[in-house]
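Taking it in order: structure first as structure tokens, then the write-up.
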2 protein chains.
Amino acid sequence: MRDADAPLHPKQRSRLIDVANHAGVTKSVVSRVLNNDRTLSIREETRTRILDAVRDLGYQPHTGARALAGASTRALALLIPDLTNPVYSRITRGAVQQARVRGFAMLLAEDSADFGVDRQFADLVASHRVDGLLIASARPDHPLLGMLPDSRIPHVFVNRVVAGSGRNISLQIEAASQAALDHLLALGHRRIGHVSGPEQLAPTVSRRAGLLGAAVAAGIPEPSIESGEFNEQGGYAAATRLLADHPDLTAIYASTLNQAIGVLSAVHAAGLRIPEDISVISYDDLPLAGFLHPPLTAIAMPLMELGQAAVDALCAQLEGAPPEDVLVPGAPEVVVRGSTGPPRSGPPAGAAKVPS
Amino acid sequence: MRDADAPLHPKQRSRLIDVANHAGVTKSVVSRVLNNDRTLSIREETRTRILDAVRDLGYQPHTGARALAGASTRALALLIPDLTNPVYSRITRGAVQQARVRGFAMLLAEDSADFGVDRQFADLVASHRVDGLLIASARPDHPLLGMLPDSRIPHVFVNRVVAGSGRNISLQIEAASQAALDHLLALGHRRIGHVSGPEQLAPTVSRRAGLLGAAVAAGIPEPSIESGEFNEQGGYAAATRLLADHPDLTAIYASTLNQAIGVLSAVHAAGLRIPEDISVISYDDLPLAGFLHPPLTAIAMPLMELGQAAVDALCAQLEGAPPEDVLVPGAPEVVVRGSTGPPRSGPPAGAAKVPS
DNA sequence: GACGCCTAGAAAACCGGTTTTCCCCGGCGG
DNA sequence: CCGCCGGGGAAAACCGGTTTTCTAGGCGTC
């Protein structure tokens, strides 16, 4: 006999019909009020009565029923290549956070070792579990890329962009490389090495292109490049090769913070001092960088904002806007710590090459 | 006019009814076949006809409809305190992976800065979005803890356990501390400092208790303890205080890898050598540890397995089993690198105190 | 030959929303 | 006085599954 004065903490889930009864209207009206249906005309008094009922009963719509009735699932999915990579941790954080702000739940899938992730991701869509996809792990050969264009499923590419997709959310990577080089040039460096990432990955290419372009513009010798995985071991190995093959290098620019840690280790192992013998600078910054030995000079990138922007862009698509590329604003900032200094060969005399 | 020989890649989602028509049966039969309903009797020939139809049409059930009809959502949610903390990255990885193995999707929520996460989590349940909860961010004062006991929602506590909940999934933390101390004792250390975590957090307490208990058993002076946040800065600050207040310390045991990095930095800043003046050992190991300066001795913990075990335990609850505590097996393993060595005061003479 | 039972599958109710259509009623203009 | 219009809300169809109930036929039994 629970009627007008229903319990404030109902035992059972309350449904739309309960709210309707409680407010003395039909459930369709409640639904339309809650969804801000503009075609509904309703007295202010009735509306508040309904909203009160919603609050009193602690009504929470059943997601499944909602999705079934044709509305959206209000859920997104994020596909990332490596959860333990701090780059993706922060993208994920930004994305999850922004999704919540916009009232979406976020599903997570990791594109790691195990096969079948493409299948998994396609299933999320096919089973109507999510409204859209955030893809941060695109590789040129990724099976997912083959199946996406046909499907009408909204999606964006984050960080690892797909050329020509028209739905890339990215950072100013070239500008970051430019900033790194500017910092090294100002210190007087001219022979520079670059620890690059796995070939074919979009950020790898951008970072390298930005560096090479800036080097040409500055009129310095072409930087030497070695590639490695995006982890400490990859940085270690690449730096070891650089040091062995190019003893004249005075600075190394690493593609990620993890690689930079490997670079520091390799330089130590080679018996060289940082920054007296070799300067090290890294793309991407974290508090961690300040506690390394020596503290690492790095270029701070707005990765959380990247994740947020990706969600924003995806939501725009969900609202009907055509997909478009987004370049996350925010100029790269060089955080100077102890790992960079003037080259060993002498004071920054060569830097005079840069006018003014 | 799509009939018997329907297109292999149908434009539209195919529904249960499409499969049924295609196979010449009613949808209820299809549903019961797909769900392995034991009460259904069916000819083998019909069953295969149905399964073929499912495959031909690429049928994928509508998650929402399914959830609505009373079945489960086949989704779980994971609440973690900090995505960028590598500890939680790996727990998350294990959980996401195992969820996939069991056919569940994983929703992610981060309990960071923004308020209202408890609300968000409760909503996930109230809106029938997930079948169960993995809670890795329990604090004694967490609002979520107040609302969980009443609700009949299946859940487990991961890593940060809740005493007496009877649904804790945890590691052998005390044994890890014991192993760390054993390693230091074997090297001859007797005056040991401990960089602990935020008070009240379960893993903090366990690590400390394990260390203190082992110290008493070994008959060495009570270890000195300082607490700090679970990050580099926290480790740095705590270690700085330890070194200042207890100049006789010869070794420091840090609660997490991030803190240990701060400890290394603090020791360097104090002008001390590692391990000649001070040995450093850390709870939790990562490849990163091998590239620090010096390479860090650490105790490897099976965090991915922890995440997997948590999903397994939660699934058991979903299948009707009563909740129970789970201690993830796997003895802690000390990975010896360069940051630990004999104490400065001399050879491990004092260690003779340990018999045999 | 009638009855009951088992097999194989059909039918229908229901889950909790959304959305379109429809209706009632009061006011206003002619 | 009648018809029309628009505001306010009721009714009902529908989304795509799950689950319980029901039925038609075949067969063994007495």
Side-chain angles (χ1 to χ4, degrees), chain A residues 10 12-51 53-54 57-75 103 123 125-129 131, chain B residues 10 12-51 53-54 57-75 103 123 125-129 131:
Chain A
Q12 314 291 0
R13 288 179 45 78
S14 50
R15 299 151 307 164
L16 195 58
I17 187 74
D18 298 325
V19 176
N21 291 340
H22 195 266
V25 295
T26 57
K27 58 178 190 165
S28 65
V29 185
V30 178
S31 172
R32 297 169 69 186
V33 164
L34 289 181
N35 294 322
N36 284 319
D37 183 342
R38 313 306 304 265
T39 72
L40 169 70
S41 71
I42 190 171
R43 277 180 316 196
E44 197 50 35
E45 188 266 327
T46 312
R47 176 194 300 277
T48 58
R49 192 148 38 85
I50 291 176
L51 294 179
V54 165
L57 284 98
Y59 171 69
Q60 194 73 15
H62 187 297
T63 319
R66 204 172 210 185
L68 179 55
S72 70
T73 66
R74 298 211 71 81
D123 288 353
V125 177
S127 62
H128 254 74
R129 220 187 250 287
D131 294 339
Chain B
Q12 314 292 1
R13 287 179 45 79
S14 49
R15 301 150 305 163
L16 194 59
I17 187 75
D18 298 323
V19 176
N21 291 339
H22 195 266
V25 295
T26 57
K27 58 177 189 166
S28 64
V29 184
V30 178
S31 173
R32 298 169 69 186
V33 164
L34 289 181
N35 293 322
N36 285 319
D37 183 343
R38 312 306 304 265
T39 73
L40 169 70
S41 72
I42 190 172
R43 278 181 314 197
E44 197 50 36
E45 189 265 327
T46 311
R47 175 193 300 277
T48 60
R49 192 150 36 85
I50 290 176
L51 294 178
V54 166
L57 295 165
Y59 170 69
Q60 194 73 15
H62 187 298
T63 318
R66 205 172 211 183
L68 179 55
S72 71
T73 65
R74 298 211 68 83
D123 288 353
V125 177
S127 63
H128 255 75
R129 220 188 249 287
D131 293 339

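The basis for the numbers below is simple: all heavy atoms, side chains too, and nothing from hydrogens, waters or symmetry mates. Predicted model only: the values in this text are computed from it and were never measured. Per chain, numbering begins at 1; letters A, B, ... match sequence-line order.
Taking both residues in full, the closest heavy atoms of B/Arg13 and B/Gln60 are given as NH2-O, 3.1 Å, listed atom of the first, atom of the second, then distance.
In terms of polar N and O atoms assigned as donor or acceptor, the side chain of B/Lys27 never comes within less than 3.5 Å of the base of D/dG16 in a complementary pairing.
To the nearest angstrom, P of C/dC22 lies 18 Å from CG of A/Leu40. Following rounding to the nearest Å, A/Arg38 (CZ) and D/dG8 (C1') show an atom-to-atom distance of 16 Å. At whole-Å resolution of the value, CG in A/Asn21 and P in D/dA10 are 11 Å apart. Here the P atom of nucleotide D/dT19 and the CZ atom of B/Arg66 are 10 Å apart, to the nearest Å. Between the P atom of D/dG17 and the NE2 atom of A/His128 lies a distance of 10 Å, rounded to the nearest Å. Atom CG of A/Leu34 is separated from atom P of C/dG17 by 10 Å (rounded to the nearest Å). Distance CD (A/Gln60) to C1' (C/dG16): 14 Å, rounded to an integer number of Å. Nucleotide C/dG17 holds its P atom 15 Å from the NE2 atom of B/His62, rounded to whole Å.
Note: A/Leu51 CG to A/Tyr59 OH = 12.5 Å, rounded to the nearest 0.5 Å. Atom CZ of B/Arg49 sits about 8.0 Å away from atom CD1 of B/Ile42, to the nearest 0.5 Å.
Contact annotation: A/Thr26 reaches the phosphate of D/dA10 (side-chain N/O to OP1 or OP2, under 4.0 Å). Look at A/Thr46 and you'll find a side-chain N or O under 4.0 angstrom from OP1 or OP2 of D/dG9. OP1 or OP2 of C/dG17 lies within a sub-4.0 Å distance of a side-chain N or O belonging to A/Arg13. Applying the 4.0 Å criterion to OP1 and OP2 of D/dG17, one finds that B/Tyr59 has a side-chain N or O inside that range. At least one side-chain nitrogen or oxygen of A/Ser31 sits closer than 4.0 Å to the OP1 or OP2 atom of C/dT18. Residue A/Arg15 places at least one side-chain N or O closer than 4.0 Å to OP1 or OP2 of C/dG16.
Along DNA chain D, the nucleotide closest to B/Ala65 and the one closest to B/Val29 are compared, and the more 5′ of them pairs with B/Ala65. Heavy-atom distances to DNA chain D give each of A/Arg32 and A/Gly70 a nearest nucleotide, and the one nearer the 5′ end belongs to A/Arg32.
Here D/dT18 is the nucleotide among D/dT18, D/dA12, C/dG16 with the atom lying nearest to any side-chain atom of B/Asn35. Among the nucleotides D/dG7, D/dG17, C/dG17, the one closest to any side-chain atom of A/Ser41 is D/dG7. Checking C/dG17, C/dA8, D/dA10 against the side-chain heavy atoms of B/Arg43 singles out C/dA8 as nearest.
With hydrogens and angles ignored, the 3.5 Å screen pairs a side-chain donor or acceptor of B/Ser127 with a backbone N or O of B/Asp123. With hydrogens and angles ignored, the 3.5 Å screen pairs no side-chain donor or acceptor of B/Asn21 with any backbone N or O of B/Asp18. In this structure, A/Ser14 contributes its side chain and A/Leu57 its backbone to a donor-acceptor pair below 3.5 Å.
Residue A/Ile42 is in sugar-phosphate contact alone, with no base atom involved, counting any heavy-atom pair closer than 4.0 Å across all strands shown.
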